[in-house]
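For reference, the structure is listed below as structure tokens.
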Amino acid sequence: MHRYIFGQLLLAATMAIAVFVFVLVVFNVIKEVAGPFASGQITEGMFVYLIAITIPGVLPYALPLGLLTAILLVLGRLSAQNEIVAMKAAGLSLWRITAPVFLLALLGVGLSAVINIYYAPIADTAFRSTLQSAARADPLRFFSPRTFVKNFPGYVIFADRREGNELRQLHVWELDDQSRAIRHLQGQRAELSFDEANPAIVLTVHDAHGQVINPDLPPSDLDSTYIGEFKRSEFRLPLDDLLGGNKKQTKLAFMTLDELLQRRAEAIADKGEGAFERRIELQTAIQKKFSFSFAVLSLALVAIPLGIKASRTETYANFALALALALGYFMVFILCSWLEKMPAMRPDLMIWVPNFLFQALGGILFWRACKR
């Protein structure tokens, strides 16, 4: 019996995880890679490689979703066909019937933890390193002729044509926090280079003139002030901006557990100003990796009594229920993550609240199911 239930769960979970991995990978590809590939910034081989190394980053999200869906499908079918009733009539408790579910959930927790603390950070680092390598090898790839380049926050860049390693008839708009143009620089030509020390594309514009724009005026009354001509003007476009995200937070997210623990030990030894905040920040990053791994168990514990009670055989209904449960968990997790900016609230401990809530809810529902 245990082998039968475990086999059914494993098959359903594998298929559901594959579906969620596909959806999440497609979403990330559209968000991060499709634009650079369409504009010729990356090659076909690099595009396929980037898709492959996206998978470890999405697996921690797909695992709880996939197992949750599998539990609802398999237990819902067993309940609808009265197989669970027959097992109980044979003297089996709900604990024994669902033992394979708990085993698979614990295996999922272990797999998710390994991916979160080791493989996902390495894959994320490799993903961005690959894009940086593309920029380092050929910075001009990021500037297609007659295309408004908006990859770099705070700037919009347009070039009429490319000639060798130079851009011709270049326009650079500098934007404010509301993405409104506040300065405009027009140059005859521009050279591109790469700064190895601080990964950034350096845009050097020659024979240019600039204007200051008042963004508060309506479009029909836009006012601009001529600020003169420039023989040479330089713009630094950091690749951290190109790859998105806050640099400080991104570094923590891309660190493995060993790297975070080393940073934490340094923060504990540091008695200077801001040491406590830095230590809490590092502890929160560490706890996030483990806390999110337990999402597999937390959602599984809620799914068991719901799957038995719902008696659903409809695939779409089970998918909808699984997504609703997962959405609730992720929303609470995100809310707790917002406390990162408030060290006094101990976000490193609060990040476990979603697991405690869902495991408590699952425990109550499971206890009530055992009593029936």
Side-chain angles (χ1 to χ4, degrees), residues 28-44 46-47 50 127-219 222-247 250:
N28 278 275
V29 166
I30 293 174
K31 179 184 176 184
E32 303 279 356
V33 185
F37 178 69
S39 60
Q41 297 170 13
I42 57 177
T43 63
E44 292 84 351
M46 191 178 295
F47 179 72
L50 289 172
F127 183 91
R128 280 151 181 79
S129 297
T130 302
L131 289 181
Q132 287 186 2
S133 298
R136 185 182 298 110
D138 186 5
L140 282 172
R141 284 182 178 269
F142 290 88
F143 300 89
S144 300
R146 306 192 67 81
T147 300
F148 288 95
V149 178
K150 302 178 181 179
N151 303 73
F152 303 94
Y155 294 99
V156 174
I157 303 170
F158 178 89
D160 185 69
R161 64 186 186 276
R162 272 170 42 177
E163 293 182 2
N165 292 327
E166 293 185 348
L167 300 173
R168 297 288 181 170
Q169 300 299 322
L170 184 78
H171 296 263
V172 179
W173 290 270
E174 186 177 350
L175 310 179
D176 63 8
D177 293 337
Q178 301 178 36
S179 297
R180 301 178 302 178
I182 55 176
R183 294 183 184 85
H184 173 222
L185 187 73
Q186 181 177 355
Q188 295 298 315
R189 64 186 181 90
E191 298 170 348
L192 288 163
S193 59
F194 189 84
D195 185 352
E196 296 279 354
N198 302 297
I201 294 175
V202 181
L203 179 66
T204 305
V205 184
H206 299 274
D207 303 322
H209 62 269
Q211 296 171 309
V212 175
I213 302 171
N214 185 350
D216 294 322
L217 294 176
L222 277 180
D223 183 28
S224 61
T225 303
Y226 184 73
I227 57 176
E229 298 183 356
F230 306 89
K231 282 293 183 182
R232 184 177 182 275
S233 184
E234 185 176 285
F235 295 88
R236 297 183 60 82
L237 308 173
L239 290 189
D240 288 311
D241 292 338
L242 170 67
L243 302 177
N246 178 283
K247 185 176 181 180
T250 298

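Since the structure is predicted, the reported quantities are computational estimates derived from the model, not experimental observations.
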For Glu234, give me all partners under side-chain contact (heavy atoms from CB on, under 4.5 Å), at least two apart in sequence or on another chain.
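Glu234: side-chain contact (heavy atoms from CB on, under 4.5 Å) contacts with Val202, Thr204, Arg232, Arg236.
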
What pairs with Asp160 under side chain to side chain donor-acceptor pair (under 3.5 Å), at least two apart in sequence or on another chain?
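Asp160 satisfies side chain to side chain donor-acceptor pair (under 3.5 Å) with Arg146 only.
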
Side chain to side chain donor-acceptor pair (under 3.5 Å) partners of His206, counting only residues at least two apart:
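If we apply the side chain to side chain donor-acceptor pair (under 3.5 Å) test to His206, skipping adjacent residues, there are no hits.
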
Any chance you could measure [X], atom [atom1], to [Y], atom [atom2], to the nearest 0.5 Å?
X: Glu191; Y: Glu166; atom1: CD; atom2: CD; answer: 5.0 Å
X: Asp177; Y: Ile182; atom1: CG; atom2: CD1; answer: 8.5 Å
X: His171; Y: Ile157; atom1: NE2; atom2: CD1; answer: 12.5 Å
X: Asp207; Y: Lys231; atom1: CG; atom2: NZ; answer: 5.0 Å

Step by step, would you call Leu185 with Phe235 a side chain to side chain contact (heavy atoms under 4.5 Å, CB included)?
CA-CA 11 Å; Leu185 187 73; Phe235 295 88; 3.3 Å; yes

Given the rule in the side chain to side chain contact (heavy atoms under 4.5 Å, CB included) test, do Leu203 and Leu192 qualify, once you have shown the distances and angles that lead to the verdict?
CA-CA 5 Å; Leu203 179 66; Leu192 288 163; 3.4 Å; yes

Which one of Phe158, Trp173, Tyr155 satisfies the ring pair (Phe, Tyr, Trp, His ring centres under 6.0 Å) criterion with His184?
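Option passing the ring pair (Phe, Tyr, Trp, His ring centres under 6.0 Å) with His184: Trp173.
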
What residues, two or more places apart in sequence or in another chain, satisfy salt bridge (charged side-chain N to carboxylate O under 4.0 Å, His left out) together with Glu163?
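If we apply the salt bridge (charged side-chain N to carboxylate O under 4.0 Å, His left out) test to Glu163, skipping adjacent residues, the hits are Arg161, Arg168.
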
